[in-house]
Structures are given as structure tokens and as C-alpha cells.
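Beneath this line is the structure, given in C-alpha cells, with notes to follow.
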Amino acid sequence: MSADALVPVPTLRPDERAGILTLVAAAARPLGDVVADFLARFPRERRLRVGATLCFLLEDKKMLHPTGRLIAFAILHQSYSSQPVNPYVPLLLDAACDETSDKSERAFVQLLLMANGNNNNEVLQQSAVDYINGPDSASQALLPREQLEKQYCGNSVQPQPQASSFRSATVRCAIPDPDIPQSCANSSEISPPVGKQECASDDRESALNALLQEKSWGRLGPQWIRPTPPRLHILDGELQWLNPDNNHELLWDYSMCADTSRGAAIRDLIARALKGPLGPGQQEQVVIELAKDSKLVYHCGMTPQKLPDLVEHNPLIAVELLSKLMNSPDIAGYFDVLVHMEMSLHSMEVVNRLTTAVELPTGFVHEYISNCIQSCQNIKDKYMQNRLVRLVCVFLQSLIRNQIINVQDLFIEVQAFCIEFSRIREAAGLFRLLKSLE
């Protein structure tokens, strides 16, 4: 059994994963100290699972540094040095005889196997870096697999094979013939020596048959109990398939060969709307077509990334599309783009129209207002700043009068905004409106 088959999935705790990474990275420490640290960190009941993780890391030769691979091999070999059986011996033998691996790595593993659990092994007194840079990695003679297995298995204490209870219940394929004398049946000689008269010459053929029966390797084992699986309950809809007939009505797909020119026209108009303003007739055509087919908005080629261009060039069409997309799972992406896009007259117009057309999330409206106030504070041009402040004040007054927002939720932030820009007439008017509602 290979080491990686001992546990199906090497699941480790976070502290165990951190401990393994620390150990395999200790390239400058003596290997014996790293192994001792491993034995101190991980209790015996967790070493098999940790070792399976190291086996998983060793499968890909690029997953660990060459020094880390040597440390992993040393841990796997020494973690069961005090036990009669090391479950990672097949993996170590494969690594020691893998011709695709580096010669220094193969020589290192062979040194571990030839030491066979000796904690005073000289190679463990070196660090991984010293071993790779030292002369042992280049001068070590590599042994063939047969000699390595013979030397390792000959020096190691192997457990006695245990027969499974299933095999112990088997019987031989051949049974003794009751007509053959027992003395002849127990004889291991086909031709008895001269002077031995226990079996007559005419019974030699029977003695041969008895010998074949005794030495037969074939055995009969008990049959596995395989109960018949229960039958599933038959559903009413399955009965019609017991006796199928051809008296079925044909179902016609009426969407085949349907006129798709209307959808193509909308997609073409939306593509133009992203590049520049549409004429009044074209805007009216988009609104009418979207009103006729509520699902057409999902096939017009609109995405959240294209929304800023549509808002700046055609805000009315943007309002119409967003109103139709309120039930779409992508509406949160559209709102996120609308909040973080550059503040302008058109974006505020879109948000203002949406507040009266549909019910917008309160968090979105509050975040958009905060973004507008922050944009006014960050602009450096005084002329553009005064212009944007006027737009924001008119926008906020419209939201307050239409009871779109609760003033108390943003009272402190809006009041500070009005005081900061009190020199502007619209800001002073917004401040008076706040005081009247207080």
C-alpha cells in the first residue's frame, strides 16, 4: 500500500499547515534538528495525516524547493524510525530509484534507507543546503532497486503477514480421494524408493493425483452477499413508457423563423446611443419598442460598463433602460457604476428621474448624495465648483420636497455642506429648507 493511500484527503488544521511550511523552509538547520522539531510539534496520532500531506507535496517536483524535498524525505523516514514498519517505504524506494529525479536527491534517499532508522546517521547531522553543496551528493554511488530492497528489507524488522478472515474461510479446490490409501496420499514421493513397499506399483498414479490435490493452489472462497437492490416506486408518468405508442401530438416551436429584426434595430440604436445623442424620433422608437417587449431590454447589448457613456449622451434612454432592469440580477452592478461615475448634470438627472419612476434602494440614494457632496469639495476650479454646488443643491431640494429621502438620515452631512458653501444662494436656500423641516 502506498503512503498516499493511507488517508483519502490530508486535511490539516491551520497551525499544522504553518508548522509544515516552517519545517520544509528550514534549509540551514541540521536535518536531525528539523526531524526532532517535527516529532515535538506533531503528536503520534497526527503524524500519519501530516505525512500524507508531505507525500502530496512531493508528487509535484516543482511544488517544493530541492532543499524542502530533502527535508520532507527525512521527516517521512525518521517519523517511524522507532516503529517496526514505516508506511512510507514504498514512496521512499520509488524516490530512490526514480531516474527522472536529481541525482543528489536519489543519493540522499538511498542514504536514509541504508541507514534504516539510525538516528545517528551522518547525513542527518548536515543541513539540506550543506548536503546539496557538499561532496556526498555527487560521489554517492546509486544502487539498483533490487539490491536496495534486499538490503533494506534484510536489515529491517518486517511484521508477520496476517491472513484475512475472508481468506481463512476458503477451501481447496481439490479434496482427497477416499479410495486412495492415506499412507500414499501423504507421501511426497511420486516413485517410492526400492525396498519401500507401503504403496504398490499399481497405485503410483493414484499417489500422483493425491500429490496434485495436496499441492493445489486454487482455493474456493465464500460468495459475497449481494442483496438484490430494492425496486423504486413506479411513478404515474412512467407507466406510459411500458407500452409506448405513436399517438402523440406534435409540438411546434413557434419561435422558429420568428422576425428578429426588431431586436436587431434596438441593438443598433443602443450602440449609436453610446457614441452620441440620438434624435427625438430615435429616442421615441427605443421607448416604444422596450414598452412592447419587457424582455427586449436583456437582449439589447447593454452592460454596466457601458452605462456611463449612455448617461452622458442619452440620459432619457438610460432612465428607461434602468427602469426596465429593476428586476434584473445585474441591477446592483448598474447602481454601483452609477454611484462611482463622475458627477454631472446628466447623472443627477438620471437619478432624479429614477427616484420618481421606480423605488430605489435607500442605501444607493444616500451613497450617491455623499458622492455628490464629496465631488463638490474636491474640485479645484472655483467656477466649476460653484456650478456643481448649485446643481447639487437643486437636486437635494427636489429629493426633499418629493419626500424621496429622509432628511434626518443625512441632516448633519447636508447641513455641513450648506455651511461650507453658504456664499452660494442655492446652498443658503437649501439650509433654510432644512431648518424649516427640523
Return the set of residues passing side-chain contact (heavy atoms from CB on, under 4.5 Å) with Thr362 (not counting sequence neighbours), or none when no residue passes.
His366
Quick check: does any side chain N or O of Tyr88 sit under 3.5 Å from a backbone N or O of Cys55, one acting as donor and the other as acceptor?
no
Applying side-chain hydrogen bond (donor to acceptor under 3.5 Å, both in side chains), which residue pairs with at least one partner in residues 325-342 are found, sequence neighbours left out?
Asp336-His340
Output every pair passing salt bridge (charged side-chain N to carboxylate O under 4.0 Å, His left out) with a member in residues 67-81, not counting sequence neighbours, ordered by first then second residue.
Arg69-Glu105
With sequence neighbours excluded, tell me which residues meet salt bridge (charged side-chain N to carboxylate O under 4.0 Å, His left out) with Arg106.
none
In chain order, what residues pass the side-chain hydrogen bond (donor to acceptor under 3.5 Å, both in side chains) check against Tyr80, with sequence neighbours excluded?
none
Take a 6.0 Å sphere around CD of Glu45 and say whether it holds more than 12 heavy atoms from other residues, nucleotides or ligands.
yes
For Asp309, side-chain hydrogen bond (donor to acceptor under 3.5 Å, both in side chains) partners two or more places apart:
none
For Arg44, all residues meeting salt bridge (charged side-chain N to carboxylate O under 4.0 Å, His left out), sequence neighbours excluded
none
Under the side chain to side chain contact (heavy atoms under 4.5 Å, CB included) criterion, do Lys292 and Glu289 qualify, and how do the steps go?
CA-CA 5 Å; Lys292 289 181 180 179; Glu289 295 297 338; 4.2 Å; yes
Atom CD of residue position Glu413 - does it have more than 12 heavy atoms of other residues, nucleotides or ligands inside 6.0 Å?
yes
Closest non-hydrogen contact found for Glu312 with His346 is O-ND1, 2.8 Å
Candidate pair Phe73 and Phe108, rule ring pair (Phe, Tyr, Trp, His ring centres under 6.0 Å), full reasoning
CA-CA 9 Å; Phe73 283 124; Phe108 176 79; 7.4 Å; no
So, do Leu112 and Leu124 sit near enough that their side-chain heavy atoms are less than 4.5 Å apart?
yes
Rounded to the nearest 0.5 Å, what's the gap from CG on Leu338 to CD on Glu367? Could you check?
10.5 Å
Taking side chain as C-beta onward, heavy atoms only, is Asp94 less than 4.5 Å from Asp98?
no
In this structure, CD1 of Ile373 is separated from CG of Leu388 (nearest 0.5 Å) by 13.0 Å
Check the orientation of Tyr368 and Phe395. Use parallel for under 30°, tilted for 30 to 60°, and perpendicular for over 60°.
perpendicular
Show, in sequence, the C-alpha distance, side-chain angles and deciding distance for Arg49 and Glu16, and conclude whether the side chain to side chain contact (heavy atoms under 4.5 Å, CB included) test is met.
CA-CA 10 Å; Arg49 188 170 295 274; Glu16 293 177 335; 5.6 Å; no
To the closest 0.5 Å, what do you measure between CG (Asn371) and OG (Ser347)?
8.5 Å
With a 4.5 Å heavy-atom cut-off, do Glu320 and Ser323 have their side chains touching?
no
What are the two closest non-hydrogen atoms of Ala273 and Leu310, and how far apart are they?
CB-CD1, 3.6 Å
Nearest 0.5 angstrom please: Cys372 SG to Gln377 CD, how far?
11.5 Å
Would you give the length of the straight line joining atom CG of Leu70 to atom CG of Leu111, rounded to the nearest 0.5 angstrom?
10.5 Å
With sequence neighbours left out, which residue pairs that include part of residues 22-50 fulfil the ring-ring contact (aromatic ring centres under 6.0 Å, His included) condition?
Phe38-Phe42
Any side-chain heavy atom of Cys300 within less than 4.5 Å of one from Leu321?
yes
Only counting residues at least two apart or in another chain, list the ones meeting side-chain hydrogen bond (donor to acceptor under 3.5 Å, both in side chains) with Thr67.
His65
What pair of heavy atoms forms the shortest contact from Leu269 to Leu278, and how long is it?
O-CD1, 3.8 Å
Flag side-chain contact, heavy atom, 4.5 Å: Leu39 against Arg47
yes
Can you name the closest pair of heavy atoms from Leu354 and Val319 and give their distance?
CD2-O, 3.9 Å
Minimum side-chain heavy-atom gap Val109-His77 below 4.5 Å:
no
Partner set under side-chain contact (heavy atoms from CB on, under 4.5 Å) for Val337, not counting sequence neighbours:
Pro304, Leu307, Pro308
Could you pull out the closest heavy-atom pair between Ala74 and Val35, with the gap in Å?
O-CG2, 4.0 Å
Any side-chain heavy-atom pair of Leu23 and Ile20 under 4.5 Å:
no
Go through the structure and list residues passing ring-ring contact (aromatic ring centres under 6.0 Å, His included) with Phe417, not counting sequence neighbours.
Phe421
May I ask you to decide if Met348's main-chain N or O and Asn352's side chain share a donor-acceptor pair within less than 3.5 Å?
no
Are Ile132 and Pro66 close enough that some pair of their side-chain heavy atoms sits under 4.5 Å apart?
yes
In Å, rounded to the nearest 0.5 Å, how long is the span from CD1 of Ile71 to CG of Leu76?
12.0 Å
Please collect all salt bridge (charged side-chain N to carboxylate O under 4.0 Å, His left out) contacts where either partner lies in residues 30-43, sequence neighbours excluded, each pair once.
Arg29-Asp37, Asp37-Arg41
